[in-house]
Amino acid sequence: MTIRVVVVDDQDMVRSGFAALLSAQSDIDVVGDAPNGRLGVEVGRSTHPDVVLMDVRMPEMDGLEATRRLLDPPPGVTHRPKVLMLTTFDIDDYVYEALHAGASGFLLKDAPVAELVQAVRVIAAGDALLAPSVTRRLIEDVARRRPVPRRDARLRLNGLTPRETEVLLLVARGLSNTEIAARLVVAEQTVKTHMTRLLAKLGARDRAQLVVHAYESGIVVPGTPA
């Protein structure tokens, strides 16, 4: 199945470059692009992409607001694409807010071509993507700025089993399913089963939303090794 992609970035060279790189893939079709968030929302709603590559900082409407509008559309609009945020820095003030808005992950603009292509495929498949450096720095930043766990987020964890809580913690620390399986000495399929239950119990859309729940519940302790 071909993955439909829209590229939203205010830099013409970046936008056209990403579009060309992705269009060269046999399983990816770039169906539109836009120079700002406002037009990005319009293009996204008219072309129904599977994935939107969204720059964080843009004129007229930034990537955060555009992501909110795409993923929380008005009545009558049912299509909700996956959003992959593009950023120049691995620490970005918008990271936490964008995850709350529903973005499925972040990718640095200077990432290798193969990483960009793989990221689009991962997002389209329904998984979430966070660059490891972004994941760790986000944990530290959230812990510093939001020292008091949200009570409602903590209460949601009461319904988790000890093993599910353990898996959630490892997800928040940026480990893949394969790495979690190795850490817990279980089959990768077992980890996938735990992930499915975590998504259902916490009402999360994807892996990125699980990370948000982990931060807000306070189970992630900054400074501890992954």
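As a basis for the values below, the full set of heavy atoms in this structure was taken, side chains included, without hydrogen atoms, waters or symmetry mates. Small disclaimer: the values here were computed from a predicted structure and weren't measured.
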How about [X] and [Y]: do any of their side-chain heavy atoms sit closer than 4.5 Å?
X    : Y    : answer
L86  : F18  : yes
V31  : V5   : no
M195 : L210 : yes
D55  : V8   : no
L84  : V52  : no
I28  : V117 : yes

So, the side chain of [X] versus the backbone of [Y]: is there a donor-acceptor pair under 3.5 Å, distance only?
X    : Y    : answer
T190 : V186 : no
S23  : A20  : no
R4   : D29  : no
E164 : T161 : yes
E65  : D62  : no

Between R15 and D33, is the salt bridge (Lys or Arg N to Asp or Glu O under 4.0 Å) condition met? List the steps.
CA-CA 7 Å; R15 194 169 66 251; D33 65 84; 3.0 Å; yes
Considering non-hydrogen atoms only, spot the tightest contact between V43 and G32 and give its length.
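Taking every non-hydrogen atom into account, CG1-CA, 4.1 Å.
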What are the two closest heavy atoms between G44 and H79, and how far apart are they?
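That closest heavy-atom pairing would be O-CD2, 4.2 Å.
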Name the one of V6, L22, D9 that satisfies side chain to side chain contact (heavy atoms under 4.5 Å, CB included) with L53?
L22
What is the distance from atom CD of E188 to atom OG of S176, rounded to the nearest 0.5 Å?
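It comes to 7.0 Å.
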I'd like to know if R38 pairs up with E42 as an ion pair, taking the criterion as any Lys NZ or Arg NE/NH1/NH2 lying under 4.0 Å from an Asp or Glu carboxylate oxygen.
yes
Check this for me: does any side-chain nitrogen of one of K82 and D50 sit under 4.0 Å from a carboxylate oxygen of the other?
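Salt bridge: no.
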